[in-house]
Amino acid sequence: MAITERRIMRIKPGKWDEIITLEQKWNKLEATLDYITPKRWTRSLAGPVSLMNLIWERDWDSIGAAEDAYALLFATSECKALIEKTEECVLDVNSEFYTIVDV
């Protein structure tokens, strides 16, 4: 079952440029692990989500595929340092998973 993962990160004031740089580093690390689909990043312009949220989405073939990919990611030596640096930039994070519906 195909799914979409969405991560919503509320960024600390003054940390926007740093989180973008960190996302670029995450992207490079994930590319070395042959992640099948790239992330799509967005920032809210209007609506209930504040302007200081960085939102990314990625499609997976299944939840199991996401779990397997994250297991590989967390096993890398670079991952821990990137997590710590990301946590320094983020006030809170919500992760959501959606079933992709064909209409």
Side-chain angles (χ1 to χ4, degrees):
M1 164 182 25
I3 63 165
T4 295
E5 175 185 11
R6 176 181 291 158
R7 181 138 326 141
I8 302 170
M9 299 179 287
R10 189 163 51 116
I11 308 306
K12 292 179 181 178
K15 295 290 188 172
W16 187 263
D17 291 339
E18 190 173 340
I19 196 67
I20 296 301
T21 299
L22 287 168
E23 280 297 315
Q24 292 167 345
K25 291 178 181 181
W26 279 112
N27 210 32
K28 286 179 184 175
L29 176 57
E30 291 167 357
T32 68
L33 301 173
D34 296 325
Y35 275 31
I36 296 171
T37 59
K39 292 178 185 171
R40 297 176 301 276
W41 293 271
T42 58
R43 186 177 188 180
S44 179
L45 293 175
V49 177
S50 102
L51 180 64
M52 286 308 295
N53 280 285
L54 178 62
I55 304 159
W56 63 254
E57 294 180 343
R58 169 185 280 139
D59 295 336
W60 297 100
D61 291 335
S62 66
I63 290 177
E67 290 172 341
D68 292 347
Y70 285 127
L72 286 173
L73 178 67
F74 295 149
T76 66
S77 59
E78 301 91 347
C79 185
K80 184 178 178 183
L82 280 175
I83 288 172
E84 290 172 0
K85 290 177 183 177
T86 300
E87 288 174 345
E88 293 172 5
C89 296
V90 175
L91 290 167
D92 58 62
V93 176
N94 290 311
S95 295
E96 304 169 347
F97 290 87
Y98 299 87
T99 300
I100 297 173
V101 178
D102 292 322
V103 178

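In this structure, CG on Leu91 lies 11.0 Å from NZ on Lys15, to the nearest 0.5 angstrom. Summarising the geometry, atom CG belonging to Leu73 is positioned 12.5 Å from atom CG belonging to Asp68; distances are rounded to the nearest 0.5 Å. Rounding to the nearest 0.5 Å gives a distance of 12.0 Å between CG of Leu22 and CG of Leu29. Taking CG from Leu54 and OG from Ser44, the interatomic distance works out to 11.5 Å, rounded to the nearest 0.5 Å. Atom CE of Met9 is separated from atom CH2 of Trp56 by 7.5 Å, given to the nearest 0.5 angstrom. Atom OG1 of residue Thr86 and atom NZ of residue Lys25 lie 9.5 Å apart, to the nearest 0.5 angstrom.
One N or O on the side chain of Lys12 and one on the backbone of Glu88 form a donor-acceptor pair closer than 3.5 Å. Thr76 places no side-chain N or O within 3.5 Å of a backbone atom of Leu72 that could act as its donor or acceptor partner. Within the 3.5 Å criterion, the main-chain N or O of Ser50 finds a donor-acceptor partner in the side chain of Asn53.
Residues Tyr70 and Leu33 are not in side-chain contact: their nearest non-hydrogen atoms beyond the backbone lie 4.5 Å or more apart. Ile3 has its side chain out of reach of Asp59: every pair of non-hydrogen atoms, C-beta onward, lies at least 4.5 Å apart. Using a 4.5 Å heavy-atom cutoff, the side chains of Arg58 and Glu30 are in contact. A 4.5 Å side-chain heavy-atom check between Tyr98 and Glu57 finds every atom pair outside the cut-off.
Atom CD1 of Ile100 is surrounded by more than 12 heavy atoms from other residues, nucleotides or ligands within 6.0 Å.
Taking a cutoff of 4.0 Å between a charged side-chain nitrogen and a carboxylate oxygen, Glu5 and Lys39 do not qualify as a salt bridge.
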Next on the checklist: Using salt bridge (charged side-chain N to carboxylate O under 4.0 Å, His left out), reason through Glu23 and Arg7 one step at a time and then give a plain yes or no.
Outcome noted: CA-CA 12 Å; Glu23 280 297 315; Arg7 181 138 326 141; over 6 Å; no

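Cluster membership for Phe74 and Ile63, using ILVMFWY side-chain heavy atoms within less than 4.5 angstrom, is shared.
Under the side chain to side chain contact (heavy atoms under 4.5 Å, CB included) criterion, Arg43 pairs with Trp16, Leu51, Met52, sequence neighbours left out. Glu78 meets the salt bridge (Lys or Arg N to Asp or Glu O under 4.0 Å) test with no other residue; sequence neighbours excluded.
Nearest heavy atom pair, residue Leu82 against residue Trp26, reads CB-CZ2, 3.4 Å. Listed here is the closest heavy atom pair of Val93 and Val90: CG2-CG1, 3.3 Å.
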